[in-house]
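It should be emphasised that the depicted structure is a prediction, and the values quoted were computed from it without experimental measurement. Protein chains get the first letters and strands the later ones, always in sequence-line order, with residue 1 at the start of each.
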Amino acid sequence: MSRQSNRTTESKKMNSELFTLTYGALVTQLCKDYENDEEVNKQLDKMGYNIGVRLIEDFLARSSVGRCHDFRETADVIAKVAFKMYLGITPSVTNWSPAGDEFSLILENNPLVDFVELPDNHSNLVYSNILCGVLRGALEMVQMAVDVRFAQDTLRGDNVTEIRMKFVKRIEENLPAGDE
Amino acid sequence: MADEALFQFLHNELIQYVYKSSEQGEMENARCITKLENMGFRVGQGLIERFTKDTARFKDELDVMKFICKDFWTSVFKKQIDNLRTNHQGIYVLQDNKFRLLSQLSAGKQYLEHAPKYLAFTCGLVRGGLANLGVKSIVTAEVSVMPACKFQVMIQKV
Amino acid sequence: MMTMLGGEPFLLVSKQEQQNYPLYIRSVPSDSELKFHYTVHTSLDVVEEKVSAVGKVIVDQRELYLGLLYPTEDYKVYGYVTNSKVKFVIVVDSSNTSLRDNEIRSMFRKLHNSFTDVMCNPFYNPGDPIQSKVFDSMVSSMMVQTC
Amino acid sequence: MEPHEEKPIIYTMENKPIVTCAGDQALFTSLYNSLTQQLPREPMEWRRSYGRAPKMIHLEANFVQFKEELLPKEGNRALLTFPFLHIYWTDCCDTEVYKASVKEDIVRWQSLLRLHSTTDWLIVVVESDTKKKNKTNILPRTSIVDKIRNDFCNKQSDRCVILSDPLKDSSRSQESWSSFLTKLRTLLLMSFTKNLGRFEDDMRTLREKRTEPGWSFCDYFMVQEELAFVFEMLQQFEDALVQYDELDALFTQYVLNFGAGDGANWLCSFCQPLRSWNGLLLRRPIDMEKRELIQHGQASLLDLRSYLFSRQCTLLIFLLRPWEVTQRALELLHNCVQELRLLEVSVPPGALDCWVFLSCLEVLQRIEGCCDRAQLEANCSHTVGLWTYATEKLKSLGSLCGLVSENGPNSEDLNRTVDLLAGLGAERPETANSLQSPYKKLKEALSSVEAFEKHYLELSHAAMEMYRAIGRMRSARLVGKSLAEFYMRKGDPQRAEAFLQESLKSYLAEGWALPVAHTRKQIAECQKQLGQTDEYLQTSALLASDTHLTDMERKHFCQEILSFAGQTAEGHAQKVVLSMNAFAQLRQLQFRPATAVVHVGAALELELSLRSLMPVPVRLEQLAVSVHFSLEKGGARGRAGPGGGAGNRGRVGQGQGSPCGTVLFPGESPPGALPRSQPPALELYEIQDRSPSDGALNSAGVVCKNVHLLLRRQDSSASLDTPSSTAVAVEDGAQLLKTHDVSLLPGNNNILFTAPSREPGTYTLRQLCATVGRIQFVLPHIYPIVQYEVYSQEPQLSVEPLADNLLAGLPQRVKFIIVTGHYSIKRGDALQLSNSDAMPILSSSGCVARVLSSDSELVAETTLSMQSSEKVTSVSLPLAPPYHSVEFQLEVQCHIPAGPVRPESERLTNGEPWHRARSRQRTSSGMSVVDQKISIDCPWSIYSTLVALTFYIPFKAKHLLLSSGKRKYIQVCLQNVSDMNFHVSDQQLAERQQSSSLWLQSLNAKAKQLVHSKQSVFCLWEVKWTCEPPASLQCVFSINFCPADAQRSVFTPYYYEFQLDNVSTLYSLSADIQPAPGEQQCRTGTLCGLEVSIVRLAEPSDSEQQDEGPVETGGFCTTKLMYEVVDNSSNWAVCGKSSGIVSMPVAANATHKVRMEVMPLFAGHLPFPSIKVLKYLPHNAPSTIPPDTDGCVENDNISLLDKGLDDQADTSSIRSRGSVHSLGGGSEQQQRGLPMPRLEPFGPGQVFNRSQGCQVLVLPSKDDHVLEVNLT
């Protein structure tokens, strides 16, 4: 899948390659710095969070998206606007919980993991975990506390990559977001 | 461009991480720079492998440098190097008058001291790219007026 | 010998410190595997000859595909060198007539692309022997085709 | 005289297109030469069919007499024999003659031509004046020509030309020649084009038929070759070559198809078994024999190929492309081998090798034939392939014919040889007389073992040289390797090994596992044969550990080692030493305890994990680590004690040592992995270039620290592991860590050692040596460096207080710690403590001694027995082994010394050291200390140890003399400076010489009081007397105290002694401030009057007499006083004379008043300015340093207004106010100078100030700003 997508030497793609590779370098660095995968996952999530809280401004500024009325709308914006804008992909939104407070983003292809092959000694690494952090951080800035995690990952041999996202609560007063 | 914003966020986070994970001190600071540079190095290797996949074999060192200044720079920073100079003794100076990773840093002296953090990764990119093309080098950088920036490439004769 | 039809040992040679150590060798298992290795190793002479010829020669001869390096009684040895000075060598049983220059060319392209992906795998440490499963399967499929 | 007739047509270069000549032969013959010469002179453009590029060609022709036979029969496609043009020659100029003979002749000629449908003809009419001369009835010249034209060339008149006076050398004849030649050429070319065109068409149609049954390649071959010939004839070699290449390709395709399954039946002729294999023959332009064979479809594959190639070769050489020949040759040879396989042609063993061998040499010689040395050498790269190929083939022939085996060929071999030679047939005439001909070479090579060797070596070396010359080292080495194999077969391992080692090097360098393994095997073989035992064993070890070998092989080599090891050394041959790294790898090494620092005799364990690379378990008689011992700061540990180990952790493997005392060793790269020399990693850091003037940042950047290292070229070759070569030496004499009978299993093994620790010092692990029978595997250097330390320690006694500071006057616990070091405490050992009265040791019963091990685990606990005599207290020690510690506590009490113990922080002489004093006070706790020394005799030493204990006195006392008029009070302030709280009770003040006339009346509470830490108690006594009080009072203050938290309150007394002098009051001062006249109140900024009155209270006392000599003036004696009005709080501006001298009569109630003016600066209740009175002594009077009693200072504090100590210090400040006289220090310096009047302060309490602390109300003035003005 990644194979074809990389053929083009068009500059936008290039950038995403730069991004992909840089992210890769980061992950491997973390793997060097921390002994176990869980720590790495945590760190990735943190960094994602830090990005998220900054990213949201950029996002709101560039996508003229207004306030979302409900979680479903949020989900759509994330999938159709945010992911498209930043990663050039449009994951599908599925598996709504009956309560409508939890759903899944299904990524057919995840630019972060182009070229990546997980070595056996990193079975517990959630390679793309930064995405969870980003989503968490960004939504927190719009007063939404969410819980994000990877349910499936093609890297780990699943057919698709699935990000599971659960609405926790609405944050009333906007507490200042510090780096984690 | 969207992707780029994302990259810059990531790049900043990278810097934050590296500097946070190490306590301060001259020694430490040096280690951070080097760490960033090394990450860049690996990325550079990968990128150049892709970029040169469909190009003809390079004639010589200069040919390679030109590629870095034109194609490579364009693909990564979406502009060419503004000026390339060499002493024909294996030293090249690449000048970028509006270096992308600095342009987000607001200009002005007080930010100048932070500039090096934002250059290390790119030094690595270049060194990695060159190394993968069989040109061993040392890449350093200098800023005096942001966001203009000079990268100096010292070729190691092997 | 027919058993070796389409049996190409592939190999990539890194340029690190001008040392042509193999990053990846693959061949149809056969008793003449050793001979493959010798042949391929020797072929590096020609590869280097051709590579170093670059710069002297005119531009249009600077393509990555080096063509037939040299024929032996039993094999045809083809070469390819990436800009990152990684050398690919394909050895084909000389009785294998199905593979013409163009097929070989495209095989090299495939190899190169796949190798590029390996290089971009953050967990791959450039210069180490290649263990990538993707790469492996790609090579296998190629070898199957050529039989 | 027809020169060409007999000449048989041979297809050679001499071929020229044929032109027939009919008519007047004599005439033609006369012109023949000039014709043949002139025809090629000028080139002619040949425009060709099928859009082929036009060519300029020089035409030549072969003029032959016309014969009917020459005209091609129907279907005969021979081109070379084809007459392209027919010319009729006549010089007839006479109509009669023409009519008579010539015409018929032409007609006949024409009809013949027409019969064969050739239209390419020309009639030449030669006219010469000579002929006309002797002729009458001349007709105009033209007539004949015209006739001919009418008769024959209807409407193609150009078919008849005139050549006039050809033999004359006139311009006219020139012209006619050239026009004639041009015509001739044109016609020739026309004919070529036409006929070749037709020919090619036929050829093509023929090729189209190739799928039809019965089509024969050979026939077609002949046809197309015909074309090739013509091109060749016309010197169009390119075109010729193309023809052959097409044939080549066509044939190849057929063979491939055959391989793919569809075989054309004509191919069968090529499938016949191989009968002759006399290689290529390139010395004839055309090999007719082979051509015949092809023509008759009897050619074998090799025949066809050989012929084809020989033609291609010829043409390429004409085209000056010899190198293409060599390249094509190699391809051809390979290709033929393939094709024979494809066609499943049965080939006798070795036949092909012969053919290839011969062919290679033939090609090479052909090339040599047409190039000079220089060219050849410059083009090795093109020829070397053939050389090697020939070499290989010869080699395989050699082995086939048993010429390589040590004991020559056997009969069978010989038969084979004979058959092979038979296949060569007889030598060809071309090479018959060249000695170096391939044929001869091969025959000779196969003739005898020696000859073979000679030729084989010759070829091999030639090939190697060339490869070297063009820098194809690997190829050269490969040839070398096969040469080595040859030598092995010849039983000459010596030579073989050299080559093998060389190739091995390069395979190692480039990390080619399989070749490495294979070559090593061969080397092992050599070494075995050469009986190089050590090397062989070393190599075997490498092989046994090489995972690229089969298990069988590995076991075999391992077995080789073991069985050698098993042999009983004949004649005490000393052990064989091998490098260990092939046998096993040292992975890690761990110390217990981790610090790797122990005391003498302590247990230090060392576990090393060794990874055995052998495929089977190996039993080691002994595994030993040789250790280098050095005294280096072994002793130094003594002081450091066990704790010192911590500092030494670094020693464990130079930084590699993790805190857990483990040293990891970088794993050897496993065989086949790549020996990569890592260049030094570059170190970057930030720089900020700031401008020197203002620290502003000029520029910032990233720079590289270690450029110098990085820019240095590092050659990787150094880093290659060639373990076998390095000779390893066992260093002996060193101490050893040993274990016996270890069995190493494949993979990791952990072996435990106990490190020797008898001698104190540093032990460095040097070598690791595993002994297997006669073999020792040695790791020559253990790196990173691993060391451990053994220290020896002197026994030592230390005594430390339990509390952070010991208090005097109370029982205090002190801790005795004995570190036994190397001494062991025996029964009856005791500490002898010399007693001192000041600090008795309270022999508290049931105090216990604890014996601790070096890592402070409790070993034993025993109650101490103590005997005290008046001199010493002896404490009998519990038994304790070396490097243990004994701890016990004793209770001591330090008596507070009676008499003033002055905290040195408060000692003072006259005023000036006060600054220092005060600053000291701030720092120090202010507790006064008592140092107590105990000398202790320890059983391990003849010298007694002095232990100093410092006790702090918990209290500090100060006293004050207070006066009120004549009444006197003594106040004592007791300050608890300790951190404890105390109860104090029955404080008492006693006067030394109990004079009945004076008593001290306590004004204090009886009850005991609690004094908290840092608090003070004040006690007050009134001094009462009946008659004059003595000049000085000796007072002793005493108070009992006991810790507040003490369960049973035992009170200890605290004493404080002090002395008071001149207590009685001599003068009383009083001051009064009056508002300015007419004012009710004082106002700021307005002058007020100040009146000071000094009243003498007492009669002169005798004490007074002696110090200031009163002066007799006017009957009664007076004494001089100096007064001074100062206001330091700057409430007042003292105007006019603020100080002055007054002389007072020495008599009671003598009074003296002084007036002056002061101006209040502020409104409100202002305290009076302070007024001082001092003794003013005449110069002759003896100086008395004021009695230096403690507390007198405080005393002053009180008596001199409420100004703090500052004023005392501020003597300078007084002086600065322009006063001529000085205080204190001042006086001293004046004594040193010439005698002058001096000032002396009065003793404490001698002057009483009534208006002490009085205040006066000052109202604000109307206009403040005025004040501002006059103030400034």
> Within this structure, what is the OH-CZ distance for the pair C/Tyr124 and B/Arg42, rounded to the nearest 0.5 Å?
8.5 Å

> Could you measure the distance from the NZ atom of B/Lys53 to the CG atom of C/Asp117? Nearest 0.5 Å is fine.
7.5 Å

> Are any non-hydrogen side-chain atoms of B/Glu49 and C/His112 less than 4.5 angstrom apart?
yes

> Is the closest basic N to carboxylate O distance between B/Asp54 and C/Arg109 below 4.0 Å?
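Salt bridge present between B/Asp54 and C/Arg109.
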
> Given side chain to side chain contact (heavy atoms under 4.5 Å, CB included), test B/Arg57 with C/Leu66 step by step and report yes or no.
CA-CA 11 Å; B/Arg57 260 143 71 211; C/Leu66 300 175; 3.3 Å; yes

> Could you tell me whether the side chain of C/Glu63 reaches within less than 4.5 Å of the side chain of B/Thr55, counting heavy atoms only?
no

> For chain B, which candidate among C/Asn83, C/Val81, C/Asn121 shows the most heavy-atom pairs at distances under 4.5 Å?
C/Asn83

> Work out which heavy atom in C/Cys120 is nearest to a heavy atom in B/Gly46; give both atom names and the distance.
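Looking at all heavy atoms of both residues, the closest pair is SG-O, 3.7 Å.
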
> Does atom NZ (B/Lys79) have a neighbourhood of more than 12 heavy atoms from anything else shown, all under 6.0 Å?
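It does: B/Lys79 NZ has more than 12 such atoms within range.
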
> For the CG atom of B/Leu133 and the OG1 atom of C/Thr82, what is their distance to the nearest 0.5 Å?
8.5 Å

